[in-house]
Amino acid sequence: MAAKQVAATGPDTAWFQRDRFGMFIHWGLYALAARHEWMKHREKVDNATYEKYFKHFDPDLYDPRDWARLAKQAGMKYFVITTKHHEGFTLWDSAYTDYKATNTPYGKDLLTPMVDAFREEGLRVGFYHSLIDWHHAKFGIDRIHPQRDDAAARKADQPNIKEYAEYLHNQTRELLTQFGQIDLLWYDFSYPGKDGKGHKDWQSRKLLNTIRKLMPNIMVNNRLDLPDAPDFTTPEQYQPIATPTDDKGRPLVWEGCQTLSGSWGYFRDEYSWKSVPQLLGMLIDGVSKDGNLLLNVGPTGRGEIDYRAREALEGMGAWMRYNSRSIYDCGAAPKSMATPPDCRLTYNKKLKRLYVHVMAWPFRDIHLPKMAGKVAYAQLLHDASEISFTEATSDMPHDNMRGHVPPGTLTLQLPIVKPKIEIPVIEVFLK
Ligand code: GLC
């Protein structure tokens, strides 16, 4: 269902649209299975069998300060942690369940030190919270439940969705009252219809009212199955072709969420890891369409972000060190500025600076139609080296050295050799 335009009375989304880049963290008992956070569903594992992960959960190397430093150096400005995923296991010492980190061999609350560590690095805090709960006795077997095809389990099932909704609301209240200012609530997900669950089951309207009362300025995502609620929409594992809009064509606040590999949770034997240029391309592409990127890491059962994720984020950080000016406080360029081939444009409206991200290095020229007379200066962003440009006028002879470009075109003149940086960016200072 299309998300509705953010109501004028909605929370402040300005910080979100300035920061652009966040770390998603999927961490739970599934890290021990090490083969996707949906393994309980895929392998139809019942609670009794899944208990072995609870009994062996002991992330002795867990150091959230390391995670926060890695996020910061990558250029991330906020993070979203799975406080509870579909498996039902909670990272904090919830009063409403025994299925929590404090009752595992690890024996301690994982959430408070994480929130503290990320705040200390200056990042904002987001909580992912699963609406789904495959451990809770009253949740009720349905079409995506691990026991969905188990006739005996369905027969013995004694769901009470009202009781489950109360549990869901109580845990939301804990999350919004025990950890200071939370900037973003990321619910996941509704699947209304036959043998599914939606806003009636979650009592989403009541839940949203509670949230707005407890923390009026928190942003809530679009997965509560409420058409008018979302403060931002969440395209997942794909790059939108344009800025997402509501059913009236109005642009939405949006955040693309993506994995580094094929899994949200730690997956030891999964090898579809995206390259640094691909990851940077997703970030740049999103900002060029007024969107954010929430990029996911899945820490291991020892509590570490593994070397593959670390290398990816370090690679992104190396680019962000030089080019974050083209990401933060930026968004889509005005429609009057045509995007040159193999480029992405971002634009800082306040500074009147256009950023040309050169995704494939051309031979010498990048043409900006109708930009003649509008540019004061241009430079490569990473080393602030000047980029000269010519401007085509109507009286320019056809046989001019640069080939015929329409009058009014501004041509940036690039060095022949691509600079040694993943995706070079040209910073164009407008008059
Ligand atoms: C999908 C996955 C879920 C993950 C979420 C993140 O819903 O099924 O495991 O947490 O995406 O957006």
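If you read the sequence from its start, that first residue is 1, and numbering goes on from there. In listed order, ligands and their atoms are each counted from 1. Every heavy atom of this structure was used, including side-chain atoms; hydrogens, water molecules and symmetry mates were not.
Under the 3.5 Å distance criterion, the side-chain polar atoms of E270 are matched with a main-chain donor or acceptor of G262. Under the 3.5 Å distance criterion, the side-chain polar atoms of K289 are matched with a main-chain donor or acceptor of P240. Side-chain atoms of W319 come within 3.5 Å of backbone N or O of I423 as a donor-acceptor pair. A donor-acceptor distance shorter than 3.5 angstrom exists from the side chain of K274 to the backbone of T259, with no hydrogens or angles considered. Although no hydrogens or angles enter the test, the distance criterion places no donor-acceptor pair under 3.5 Å between the side chain of D93 and the main chain of T102. Side chain of R143 to main chain of Y191: a donor-acceptor pair is present (N/O by atom type, distance under 3.5 Å, no hydrogens or angles). Between the side chain of E255 and the backbone N or O of T234 there is no donor-acceptor pair closer than 3.5 Å.
Given atom 5 (C) of ligand 1, the protein heavy atom at minimum distance is D188 OD2, 3.3 Å. Protein heavy atom closest to atom 12 (O) of ligand 1, with residue, atom name and distance, is E236 OE1, 3.1 Å.
Among H36, H41, H26, E37, the residue whose heavy atom sits closest to atom 9 (O) of ligand 1 is E37.
Taking every heavy atom of W186 and a limit of under 4.0 angstrom, the matching atoms of ligand 1 come to 12 (O). Near C257, the atoms of ligand 1 lying under 4.0 angstrom from a non-hydrogen atom of the residue are 12 (O). The atoms of ligand 1 that sit less than 4.0 Å from any heavy atom of R223 are 7 (O), 12 (O). Residue contact check: Y128 has heavy atoms under 4.0 Å from atoms 10 (O) of ligand 1. In summary, the atoms of ligand 1 found under 4.0 Å from a heavy atom of W38, numbered by their order in the structure, are 2 (C), 3 (C), 8 (O), 9 (O).
If you look at T234 next to ligand 1, there are no close heavy atoms at all, none under 4.0 Å. Proximity of Q237 to ligand 1, defined as any heavy-atom pair under 4.0 Å, is not found for any part of the residue.
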